[in-house]
Engineer: 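Once you've had a glance at the structure underneath, I'll fire off some questions.
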Amino acid sequence: MGWFLGTGFGVYNWNGQWSGNAGSDVGRPGLFVDMAVSLERAGFDYMMLEDSSVLPNIYKGTFESSVHDGGTIRFDPVPLVPLLAAATRHIGIIATVATTFYPPFLAARLFSTLDNITEGRVGLNLVTASPHQAAQNYGLDQHVEHDERYLMADEWVRCVKSLWDSWEPDAVVLDEHKGLFADHTKIHTADFEGRWFRSRGPLNTVPGPQRHPVICQAGGSPAGRDFGAAHADTIIAAVRGAAEMKAYRDDISARMIAAGRDPSEAKVLFLIAPVLADTKEEALAKQARQQRAKEENIEAILAGMSYFTSTDFSRYDLDEPFPDLSGNNGHRSTMNDYQRSGTTLREAIMNHTVQESVELVGTPDEVAGRMDEYMVEAGGDGYLVAMPVTRKNITEIADGLAPELRKRGLIRSEYEHPTFRQNLLAY
């Protein structure tokens, strides 16, 4: 089990119900520390912090939609990682890194450092980024073409791993009698030479407990799936229904075998957004309120679609056929999922449930039972909760749903291993 923080170290429900004091969590770690402690109590494997480094002004050509409710504000998630680790002992903490913009040596050194600081509990969510405006923040005129970005990412990972491996496993000696810290004969330059990246190495940090921090990836396109199958330890999937879940897991397994890997080496987690209440009737009413809220916030959804496609959706009539975006250089699988959700733009938005692989509405006991049934049918590994981060939602999952899953033997009652990777692969 994991939790996907869809706006990373961002602004959540700052002025809504159950938000506490308006704005008190903005830019501060308290909410996220509380969340990490709660999810560890619940037995979760990890929490994953999404990230973006652009403030979009694509929708209507202004920044209004980006800052009106604070939903696109992002703080860098990496400085948050040690604070979450200090408050917990077991749960994995994944921060997002854009392979297109992070120099491999910087990333390798940073996450080797974090692996030491967290005692082996850090991971990287690797993205290639999509908006042209993000690329322009890093000195590019426009972003690299979609499939080429994944070729670059593959080379980036190989470069980073070569730097992590520049110290052999037994290079650190710590011999107090000889006064010897490390054996220099077991430290080597990486001398990585690629098409896009090159690095001499070695790192001037010692390897962390994991040596290679956990790699997370979410990609639905063929290029994204190949990348995840080649490198990821955990893969996030946004598909619909048990049949598509099974097809996705089978496809990833086949791609992993083709890449020379055992399919059990990567855990596939499917996105869900449970609607929980004390009774099924109350849960259905809650779901109806959420659907009405979507209709009331349709402009914010259009702004989000504009962001990840670099296309201004304010130009399109909501009740005309869904626009042709076949040349889109952004999130292709996400856009295709919207397009198949309805014939018009309005229908696509209202019917779209990309964050819900399966519909889970009811009491914690009912939802836990359905999660079990779907996973048996699909043959996957687990679920990634994708809900707004509020203390109420955290409590409903950690203290409502998790105990019901534990009763069925579906999640752990204790962590058996010291590192994130070991616990991730053990269950």
Side-chain angles (χ1 to χ4, degrees), residues 33 36 40 45-47 76-95 97 99 102-126 155-194 197-216 230-234 260-262 264-267 412 414-427:
V33 169
E40 182 169 273
D45 290 270
Y46 62 83
M47 53 192 294
D76 191 318
V78 174
L80 187 61
V81 172
L83 300 179
L84 301 181
T88 56
R89 294 182 57 197
H90 305 289
I91 192 169
I93 305 158
I94 297 176
V97 169
T99 58
Y102 254 81
F105 188 90
L106 174 64
R109 184 169 182 257
L110 175 60
F111 279 86
S112 177
T113 300
L114 287 171
D115 200 39
N116 279 284
I117 289 174
T118 64
E119 299 183 357
R121 292 195 287 125
V122 73
L124 305 79
N125 174 47
L126 298 183
E155 184 177 291
W156 186 96
V157 174
R158 290 188 286 110
C159 183
V160 167
K161 287 182 176 179
S162 74
L163 291 163
W164 283 335
D165 290 336
S166 60
W167 289 57
E168 294 181 20
D170 57 349
V172 178
V173 177
L174 293 177
D175 188 326
E176 295 180 6
H177 297 292
K178 293 182 179 180
L180 180 64
F181 180 83
D183 182 348
H184 73 282
T185 67
K186 297 183 177 182
I187 304 168
H188 316 283
T189 56
D191 296 323
F192 184 90
E193 295 277 350
F197 303 106
R198 59 193 301 181
S199 184
R200 172 185 177 273
L203 292 179
N204 61 345
T205 58
V206 302
Q210 298 182 110
R211 289 190 59 81
H212 289 196
V214 166
I215 290 177
C216 173
H231 299 293
D233 303 297
T234 181
R261 300 181 67 198
D262 185 330
S264 66
E265 293 176 1
K267 300 302 181 184
R412 62 173 52 85
E414 61 180 351
Y415 296 85
E416 299 178 352
H417 303 283
T419 72
F420 178 10
R421 172 177 280 102
Q422 288 171 318
N423 282 316
L424 179 67
L425 298 180
Y427 207 85

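Below, all heavy atoms of this structure are taken into account, side chains as well, without hydrogens, waters or symmetry copies.
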Engineer: Assess whether side-chain contact (heavy atoms from CB on, under 4.5 Å) is satisfied between E40 and Y415, documenting all intermediate values.
Structural biologist: CA-CA 9 Å; E40 182 169 273; Y415 296 85; 3.9 Å; yes
Engineer: Can you name the closest pair of heavy atoms from A171 and K186 and give their distance?
Structural biologist: CB-O, 3.6 Å
Engineer: Determine the minimum heavy-atom distance between W167 and P207, stating which atoms define it.
Structural biologist: CB-CG, 3.6 Å
Engineer: Do you know which two heavy atoms are closest between F105 and S199, and how far apart they sit?
Structural biologist: CD1-OG, 3.8 Å
Engineer: Are the charged groups of R211 and D165 less than 4.0 angstrom apart, N to O?
Structural biologist: yes
Engineer: Could you check whether any side-chain heavy atom of V97 comes within less than 4.5 Å of a side-chain heavy atom of N125, counting everything from C-beta outward?
Structural biologist: no
Engineer: Which heavy atom of N423 sits nearest a heavy atom of E416, and at what distance?
Structural biologist: OD1-N, 3.4 Å
Engineer: Quick one: OH on Y46 to CD1 on I94, what's the gap to the nearest 0.5 Å?
Structural biologist: 5.0 Å
Engineer: Pick from N116, D233, T118, D115: which one makes a side chain to side chain donor-acceptor pair (under 3.5 Å) with Q210?
Structural biologist: D115
Engineer: Between R121 and R89 (side chain of the first, backbone of the second, donor and acceptor by atom type, cut-off under 3.5 Å), is there such a pair?
Structural biologist: yes
Engineer: Just do the side-chain contact (heavy atoms from CB on, under 4.5 Å) check on L110 and Y102 with the steps written out, would you?
Structural biologist: CA-CA 11 Å; L110 175 60; Y102 254 81; 4.1 Å; yes
Engineer: For residues E168 and H188, is any side-chain donor paired with an opposing acceptor at under 3.5 Å?
Structural biologist: yes
Engineer: Let me confirm one number: the CG-OG1 distance from L203 to T205, rounded to the nearest 0.5 Å.
Structural biologist: 4.5 Å
Engineer: Quick one: closest heavy-atom pair of K178 and D175, and the distance?
Structural biologist: N-OD1, 3.0 Å
Engineer: Would you say CD of E119 has more than 12 non-hydrogen atoms from neighbouring residues, nucleotides or ligands within 6.0 angstrom?
Structural biologist: no
Engineer: Closest approach of W156 and P104, non-hydrogen atoms and distance?
Structural biologist: CD1-CG, 3.6 Å
Engineer: In the structure I gave you, are the side-chain heavy atoms of F181 and L174 within less than 4.5 Å of one another anywhere?
Structural biologist: yes
Engineer: Given the rule in the ring pair (Phe, Tyr, Trp, His ring centres under 6.0 Å) test, do F197 and F192 qualify, once you have shown the distances and angles that lead to the verdict?
Structural biologist: CA-CA 8 Å; F197 303 106; F192 184 90; 8.1 Å; no
Engineer: Going from OG on S162 to CG on D191, what distance comes out if it is rounded to the nearest 0.5 angstrom?
Structural biologist: 9.0 Å
Engineer: Do side-chain atoms of S166 reach the backbone of L163 as a donor and acceptor pair under 3.5 angstrom?
Structural biologist: yes
Engineer: Supply the atom-to-atom distance H212 NE2 to H231 NE2, rounded to the nearest 0.5 angstrom.
Structural biologist: 12.0 Å
Engineer: Are I215 and K161 close enough, and set up right, to give a side-chain contact (heavy atoms from CB on, under 4.5 Å), and what steps lead you there?
Structural biologist: CA-CA 11 Å; I215 290 177; K161 287 182 176 179; 4.0 Å; yes
Engineer: Between I91 and D45, is a side-chain contact (heavy atoms from CB on, under 4.5 Å) present by the stated rule, with each step listed?
Structural biologist: CA-CA 6 Å; I91 192 169; D45 290 270; over 6 Å; no
